[in-house]
Undergrad: 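First, the structure itself, so that you have it in front of you.
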Amino acid sequence: MSATPEFDILLLGATGYTGAIVAEHITTHFLTDLKWAIAGRSSSSLDALSAKLKLLDPNRSPPTIIITGIEKQELQSLVKRTRVVINGIGPYQKYSEPVLAACATQGTHYVDFCTETPWIASLIPRYDALATQSGAIIIPSASLSSSPPDLLSWLLASKIHAKTGKPTKRITLKEEIVMKGMSGGSLTTLLSTIEHYGIGFLWSPNPYCMVPSPSPSPHAQKRNTSATRPWASKETPELGLLTTSLLSPSNTAIIHRSASLNPTLYSPSFIYQELAPAPNKPIAILTHILLKFVVLLLALPVFRNLIRRMCFEPGAGPDWRENAKTESAEFEGVGVGEGGERVRGRFGWKGALVHVSAVLATEAAGCLVEVSKRRDGGGKGGKDEGGMRTPSFLGMELVERARAVGCIVEAEVL
């Protein structure tokens with residue numbers, strides 16, 4: 001990357017459903033001296049977005065507009081001009097490898113909203129070393145999936161280590177998501193991922209698909225596999241009765257990668273489980289069976305086509321400001337240290353889920369802008385390692401940014 005990049009942030013896919021929310025958040029929350037650009041294929045759509053942003057803050061200079069495709073050579077020269085890329089071009093497995101590859105090559109930091117676990121896992125062996133060499137910090141899944149559970153897990157493990165000096169051996173999270181509707185882009189991404197990779201990553205997920213060799217212990221693998229069986233609903237004194245969650249596969253893979261990259265905080269046999277609440281055992285079993293049935297239906301092309309016809313087109317979605325009145329996300333977790341110490345914490349958000357997704361990824365990008373500027377000054381700033389990382393790599397800096405925009409992130413020793 002050049003010594004003095006032209007832009008601090010480049011937003012790709014700026015006119016998409018989530019990308020436009022990112023642009024609004026930058027306009028209303030970031031410092032006015034931020035140098036940024038919005039990029040896409042449609043000049044008219046970018047002009048319309050820029051005009052809307054100007055209305056939000058008339059005293060702020062609008063972002064630079066860049067008309068671009070995603071061809072390899074074009075991307076290489078474009079990402080070289082910026083410190084951080086926020087990539088909103090999905091489905092990611094169809095369109096976004098050239099974007100990530102360009103960032104890894106040029107030493108440009110990268111975040112996205114990806115939930116395509118098989119795609120991320122396939123990129124790690126191909127781009128981790130390249131990004132490490134160039135200094136690019138690559139953070140997929142920096143949005144609602146998987147920043148909240150990853151940051152909360154990091155905070156729990158940090159509390160245990162601060163108290164005992166020992167790593168964490170187990171974290172259990174309960175997630176409660178209230179959602180009124182899904183955007184066309186998110187739905188298209190899910191269906192496209194199933195069409196490309198099959199349903200295996202949902203039916204029988206591998207929690208260690210992003211973990212480098214050597215593989216986790218057989219005990220840890222057996223414990224995580226058991227959580228996918230209907231009779232293996234779990235109950236803890238702090239979290240109550242828990243059952244299968246459809247969101248768990250992607251988050252679990254991300255957090256086990258975080259653990260593998262941070263052996264100071266996490267035990268070699270660390271186990272993470274993310275489950276949903278259930279009022280009683282029969283409902284827990286029924287929930288598990290119904291979710292498995294839905295996954296089987298998603299394997300059928302006729303069912304996927306039916307869903308497509310009933311839902312929003314890519315780039316569109318429900319009125320997120322209206323949904324903000326009723327949607328929410330709550331993650332409660334319990335961490336257990338190697339000596340049996342227990343820590344409890346939570347990550348909470350009241351508002352539209354797509355909004356917090358956009359906000360978290362944007363704030364992660366803000367952290368990376370500061371990392372880049374510290375490097376310019378010759379300082380490491382504690383976060384100068386490149387490679388394929390996870391949201392919790394940004395640590396307390398991202399936690400504090402999340403708190404500042406309305407998220408509740410807290411933990412206490414029990």
Side-chain angles (χ1 to χ4, degrees), residues 4-68 78-79 81-89 108-113 142-144 147 183 185 315-325 327 349-374 376 394 397-408:
T4 54
E6 182 179 353
F7 305 116
D8 296 317
I9 291 176
L10 171 66
L11 174 57
L12 290 175
T15 59
Y17 182 64
T18 306
I21 302 174
V22 170
E24 288 189 25
H25 184 72
I26 291 175
T27 300
T28 55
H29 286 78
F30 279 43
L31 296 177
T32 55
D33 63 354
L34 183 84
K35 299 176 295 181
W36 65 300
I38 53 176
R41 291 183 179 273
S42 171
S43 175
S44 60
S45 296
L46 290 168
D47 287 339
L49 175 61
S50 180
K52 182 179 179 180
L53 299 177
K54 188 67 175 176
L55 292 175
L56 289 175
D57 187 353
N59 298 318
R60 184 185 187 114
S61 298
T64 300
I65 294 175
I66 299 176
I67 311 302
T68 184
L78 180 58
V79 303
R81 298 163 61 188
T82 190
R83 299 180 187 276
V84 184
V85 168
I86 302 176
N87 181 21
I89 303 175
T108 300
H109 304 324
Y110 170 101
V111 300
D112 67 30
F113 316 99
S143 56
L144 182 60
S147 284
S183 71
D319 183 343
W320 66 268
R321 289 181 175 83
E322 183 65 26
N323 284 359
K325 301 173 184 177
E327 290 190 340
W349 168 265
K350 300 293 185 183
L353 300 185
V354 67
H355 187 199
V356 73
S357 283
V359 165
L360 288 171
T362 309
E363 293 297 335
C367 290
L368 292 174
V369 169
E370 296 306 313
V371 170
S372 178
K373 289 181 176 180
R374 287 195 291 267
D376 287 352
L394 298 171
E397 188 171 355
L398 183 53
V399 169
E400 293 294 354
R401 281 176 169 264
R403 288 170 173 165
V405 294
C407 298
I408 297 171

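Values in this document were obtained by computation on a predicted structure and should not be read as measured data.
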Undergrad: Quick one: does V354's side chain get under 4.5 Å of S183's, heavy atoms only?
TA: no
Undergrad: As a test of understanding, state which of T108, D376, T4 forms a side chain to side chain donor-acceptor pair (under 3.5 Å) with R83.
TA: D376
Undergrad: At their closest point, which heavy atom of C407 faces which heavy atom of L360, and how far apart are they?
TA: SG-CD2, 4.3 Å
Undergrad: With a 3.5 Å distance limit and no angle check, can you tell me whether S42 reaches the backbone of S45 through a side-chain donor-acceptor pair?
TA: yes
Undergrad: Checking the side chain of E327 only, and the main-chain atoms of L353 only, is there a donor and an acceptor separated by less than 3.5 Å?
TA: yes
Undergrad: Which heavy-atom pair separates A352 from W320 by the least distance, and what is that distance?
TA: CB-O, 3.2 Å
Undergrad: Can you find a heavy atom in the side chain of I65 that is under 4.5 Å from one in the side chain of D47?
TA: yes
Undergrad: Test of understanding: with ring pair (Phe, Tyr, Trp, His ring centres under 6.0 Å), list the residues that count as partners of W349, not counting sequence neighbours.
TA: H355
Undergrad: Closest approach of I67 and S43, non-hydrogen atoms and distance?
TA: CD1-CA, 3.6 Å
Undergrad: Counting N and O atoms only, with roles assigned by atom type, does the side chain of D8 sit under 3.5 Å from a partner on the main chain of K35, one being a donor and the other an acceptor?
TA: yes
Undergrad: Drop me the distance from I89's CD1 to D112's CG, to the nearest 0.5 angstrom.
TA: 10.5 Å
Undergrad: Can you tell me how far apart CD1 (I9) and OG1 (T362) are? Round to the nearest 0.5 Å.
TA: 7.5 Å
Undergrad: Quick check for you: to the nearest 0.5 Å, what is the distance between L53 atom CG and I26 atom CD1?
TA: 9.0 Å
Undergrad: To the nearest 0.5 angstrom, please state how far the CG atom of N87 sits from the OH atom of Y110.
TA: 4.0 Å
Undergrad: Holding to side chain to side chain donor-acceptor pair (under 3.5 Å), I want the full list of residues that pass it with R41, two or more places apart in sequence or in another chain.
TA: none
Undergrad: Give a yes or no on whether the backbone of S143 and the side-chain of S357 come within a donor-acceptor separation of less than 3.5 Å.
TA: no
Undergrad: Assess the residue pair F7 and V85 against the criterion (side-chain contact (heavy atoms from CB on, under 4.5 Å)); give the C-alpha distance rounded to whole Å, side-chain angles, the decisive distance to 0.1 Å, and a yes or no.
TA: CA-CA 10 Å; F7 305 116; V85 168; over 6 Å; no
Undergrad: List the residues meeting side chain to side chain donor-acceptor pair (under 3.5 Å) with S61, not counting sequence neighbours, and say none if there are none.
TA: none
Undergrad: What closest approach, in Å, do L31 and R60 show between heavy atoms, and which atom pair accounts for it?
TA: O-NH2, 3.0 Å
Undergrad: Quick check: do L10 and I66 have side-chain heavy atoms less than 4.5 Å from each other?
TA: yes
Undergrad: So does A142 get a backbone contact from the side chain of S147, meaning a donor-acceptor N/O pair under 3.5 Å?
TA: yes
Undergrad: Using the test side chain to side chain donor-acceptor pair (under 3.5 Å), find all partners of E370 that sit at least two apart in sequence or belong to another chain.
TA: none
Undergrad: To the closest 0.5 Å, what do you measure between CG (L46) and CD1 (I38)?
TA: 5.0 Å
Undergrad: Determine whether a donor-acceptor pair (N or O, by modelled atom type, separation under 3.5 Å) exists between the side chain of T18 and the backbone of A358.
TA: no
Undergrad: Any side-chain heavy atom of P318 sitting closer than 4.5 Å to one from Y17?
TA: yes
Undergrad: Kindly compute the distance separating OG1 (T27) from NE2 (H25), expressed to the nearest 0.5 Å.
TA: 10.0 Å
Undergrad: Side chains of W36 and T82: closer than 4.5 Å at any heavy-atom pair?
TA: no
Undergrad: Show the nearest heavy-atom pair for residues L12 and A39, with the distance to one decimal.
TA: CD2-CB, 3.7 Å
Undergrad: Taking only residues two or more places apart in sequence, or in another chain, which ones meet E24 in a salt bridge (charged side-chain N to carboxylate O under 4.0 Å, His left out)?
TA: K52, R321
Undergrad: Got E397 and C367 here, is their nearest side-chain heavy-atom distance under 4.5 Å?
TA: yes
Undergrad: Between R403 and V399, is any pair of side-chain heavy atoms under 4.5 Å apart?
TA: yes
Undergrad: So, using side chain to side chain donor-acceptor pair (under 3.5 Å) as the criterion, who are the partners of T32 when residues are at least two apart?
TA: none
